[in-house]
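Position 1 is the first residue of the sequence; numbering continues from there. Bear in mind the structure is a predicted one, so any value in this text is a computation, not a measurement.
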Amino acid sequence: MKKVLIAAMALTVSMSVMTSCKDTKDKAEKASEEAAKSLEEAGEDLEKAAQETSDAMKKAGEDAKEMGEKALDSLKKAGEETMDAAEKAGEEMKEAAKKAIDSI
């Protein structure tokens, strides 16, 4: 009778351990799946952030190019106006010199 009781107790402990191991295995699989899902979501978030950064840098580059072109146009216009003013001043000086010569 003792042997049967000991065998039954051993069988109960063995079943308990097997059930515990199965639960642990299931929990580990679930945790692994959740970790994989989290990593996938993080990867998608990083990809989206990288794309947004790329778009922002492209826009900033386009804006800088446009500002550079406007600055170049302004410099060109200022240069032309300076040349026109210098030309006009030269003509005026030439006429003033002619008048001065004529009056002498």
Side-chain angles (χ1 to χ4, degrees):
M1 185 74 158
K2 272 186 171 180
K3 288 183 183 180
V4 172
L5 187 58
I6 292 173
M9 288 175 67
L11 183 60
T12 303
V13 170
S14 176
M15 291 292 287
S16 176
V17 168
M18 284 176 47
T19 302
S20 176
C21 287
K22 185 176 186 297
D23 289 346
T24 302
K25 178 187 168 214
D26 292 344
K27 288 179 183 178
E29 284 178 359
K30 185 175 179 181
S32 178
E33 289 171 1
E34 289 176 2
K37 184 178 178 182
S38 294
L39 285 173
E40 184 177 333
E41 289 173 358
E44 290 171 358
D45 290 346
L46 284 172
E47 185 177 344
K48 183 178 178 183
Q51 183 62 45
E52 289 173 355
T53 301
S54 174
D55 292 345
M57 291 177 71
K58 183 178 178 182
K59 174 83 169 100
E62 290 170 356
D63 290 348
K65 180 181 176 185
E66 186 178 326
M67 288 172 54
E69 288 172 351
K70 286 180 180 178
L72 187 60
D73 288 345
S74 294
L75 286 172
K76 183 178 177 183
K77 185 176 179 181
E80 288 172 355
E81 289 174 357
T82 302
M83 289 302 292
D84 289 345
E87 217 175 272
K88 184 178 178 184
E91 289 294 324
E92 289 173 357
M93 290 175 70
K94 193 181 199 183
E95 284 186 33
K98 266 187 184 181
K99 286 180 183 178
I101 291 173
D102 290 343
S103 68
I104 294 180

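Here the NZ-CD distance, from Lys48 to Gln51, works out to 11.0 Å after rounding to the nearest 0.5 Å. A distance of 12.5 Å separates NZ in Lys37 from CG in Leu39, rounded to the nearest 0.5 Å. Of the inter-residue distances, the one linking Met57 atom CE with Asp55 atom CG reads 11.0 Å to the nearest 0.5 angstrom. Going from atom CD of Glu80 over to atom CD of Glu87 covers 11.5 Å, rounded to the nearest 0.5 Å.
Classification of Asp63 and Lys59 as a salt-bridged pair holds, one side-chain N sitting under 4.0 Å from a carboxylate O.
No donor-acceptor pair closer than 3.5 Å links the side chain of Ser54 to the backbone N or O of Ala50. A donor-acceptor pair is defined here as one N or O able to donate and one able to accept, closer than 3.5 Å; such a pair exists between the side chain of Ser74 and the backbone of Lys70.
Atom CD of Glu41 has more than 12 heavy atoms from other residues, nucleotides or ligands within 6.0 Å. Around the CD atom of Glu47, the shell of radius 6.0 Å holds no more than 12 heavy atoms that belong to other residues, nucleotides or ligands.
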